[in-house]
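Every chain is numbered from 1 and lettered A, B, ... according to where its sequence line falls, protein lines coming before strand lines.
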There are 2 protein chains.
Amino acid sequence: MAAGSTATKQDSEPLVVLEEFLPYRLNVLAGLTSSALAQIYAERFGLSIPAWRVIVTLGQYEHRTARDMAPPGVMHKSTVSRAVAALEKRGLIVRRPNLDDRREELLALTPEGRAIYEAVAPEALAVAESLLSVLTPQERDTLSTLIDKLTGRARVLAPRDVEEGEG
Amino acid sequence: MAAGSTATKQDSEPLVVLEEFLPYRLNVLAGLTSSALAQIYAERFGLSIPAWRVIVTLGQYEHRTARDMAPPGVMHKSTVSRAVAALEKRGLIVRRPNLDDRREELLALTPEGRAIYEAVAPEALAVAESLLSVLTPQERDTLSTLIDKLTGRARVLAPRDVEEGEG
DNA sequence: TGTTATCGGTTGCGGGTGCAACGATAGGCG
DNA sequence: CGCCTATCGTTGCACCCGCAACCGATAACA
């Protein structure tokens, strides 16, 4: 019998403890958070997360192109394309070709789209606020800083969308 | 941002600024991180993220049931089921019915599975370490605390898997 | 000017995943 | 013992999404 091989527990100590593994923990947290929000987006307003992001972005800026919604590492341009198509079909946004560059199309909320935006945004903010309610103001600041640092680093490590920046 | 585009801004002030919205930022960060890791899991070892989690869990504990891998809000039991089926088909894990309760099956790594585990785990740890390299030791501690606080809160808010023990 | 590369956006395809319904087993209770 | 309910795990279905190929338009350059 090989030395020490008879124990029922692990004899070689674990290399990774999943519950302590940062990417895992980030994924779980993000998943739970998305889940809480998707509840609102989907059940009450029929919006997917990409659609919500498009709506919010158009609520922030008068009009943007689909390209603006697909920064590297956030949403794939095909995802944006489909979300935009669905929103247009529902009459929540309009597309207008940019006459200066007819490759791109300018997007904007319709009145119906803005109404949905004004209905869903406060509820989404309330969920986010409820999440953050367990943190002190100072902890919130720290969290924000840490997320930015990690995101910056992750952008370097992630292989996504090389089609992009490069050059 | 090239344009001095102040003219095209919103006249009604935005309710939500996406780039400051915590759920959005968490999702982006988690997505980038997963993307960096999936690179390794998938391209070099043919593992999906659920499969990786199963492997790691079985590397930690001698044997677990599929149920143990699907805690509320982490992985859906159907996801686990399919990951386990794929890993068994590849000969990386074995299933053995629990004779005390024949509804469940005990899972364990095969030698081949353990070899993959020992190959992929250090690389995954290296990526996580590379991510964390932008933080000081104290910042890492703080981050861990904040993630735990937020995850605890998110668990309360998220509607996932009410099927569960609930208790 | 013509040729070529690049860019914004769309779409077919393949794979992954949540949901809900299901089969099988187990436990509680009369 | 028989019924009823809860649990472990599987599977058909639908949907979502990333990839890559593609199209039309534009820019770059000889």
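Remark: P of D/dG18 and NE2 of A/H76 are 7 Å apart, rounded to the nearest angstrom. A straight line from CZ of B/R64 to P of D/dC8 spans 13 Å, rounded to a whole angstrom. C/dG18 atom P lies 12 Å from atom CG of A/L32, rounded to whole Å. Whole-Å rounding puts the A/D100 CG to C/dC7 P distance at 19 Å. In this entry the distance linking CD of B/E104 with P of D/dA6 reads 19 Å, nearest Å. In this structure, the CD atom of B/E88 is 9 Å from the P atom of D/dT10, given to the nearest Å. A straight line from CG of A/L87 to P of C/dT10 spans 12 Å, rounded to a whole angstrom. Residue B/M75 contributes atom CE, which lies 13 Å from atom C1' of C/dG16 at whole-angstrom precision.
Of the two residues near DNA chain C, A/R103 and A/V84, the one whose nearest nucleotide lies more 5' is A/R103. Nearest-nucleotide mapping onto DNA chain D: of A/D101 and B/V80, the residue sitting toward the 5' end is B/V80.
Within the structure, a side-chain polar atom (N or O) of B/R95 is placed less than 4.0 Å from OP1 or OP2 of D/dT10.
Under the 3.5 Å distance criterion, the side-chain polar atoms of B/T110 are matched with a main-chain donor or acceptor of B/G91. In this structure a side-chain-to-backbone donor-acceptor pair under 3.5 Å is present from A/D68 to A/T65.
Heavy atoms of A/T79 sit under 4.0 angstrom from primed sugar atoms or phosphate atoms, though from no base atom. Among the atoms of the strands shown, none is found under 4.0 Å from any heavy atom of B/S48.
The side chain of A/R82 approaches D/dC19 more closely than any other nucleotide in the set C/dA21, D/dC19, C/dG8. For B/A66, counting side-chain heavy atoms from C-beta on, the closest listed nucleotide (C/dA26, C/dG9, D/dG9) is D/dG9. For B/R67, counting side-chain heavy atoms from C-beta on, the closest listed nucleotide (D/dG9, D/dT26, C/dA20) is D/dG9.
Residues A/R140 and A/E129 are paired through a salt bridge, judged by an N-O separation under 4.0 Å between the basic side chain and the carboxylate.
Not a single donor-acceptor contact under 3.5 angstrom links the side-chain atoms of A/R102 to the base of C/dG9.
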Take B/E123 and B/R44 through the salt bridge (Lys or Arg N to Asp or Glu O under 4.0 Å) test and state the conclusion after the steps. CA-CA 11 Å; B/E123 300 201 33; B/R44 323 234 326 235; 2.8 Å; yes
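Here the closest non-hydrogen pair linking A/R64 and A/T57 is CD-CG2, 3.8 Å.
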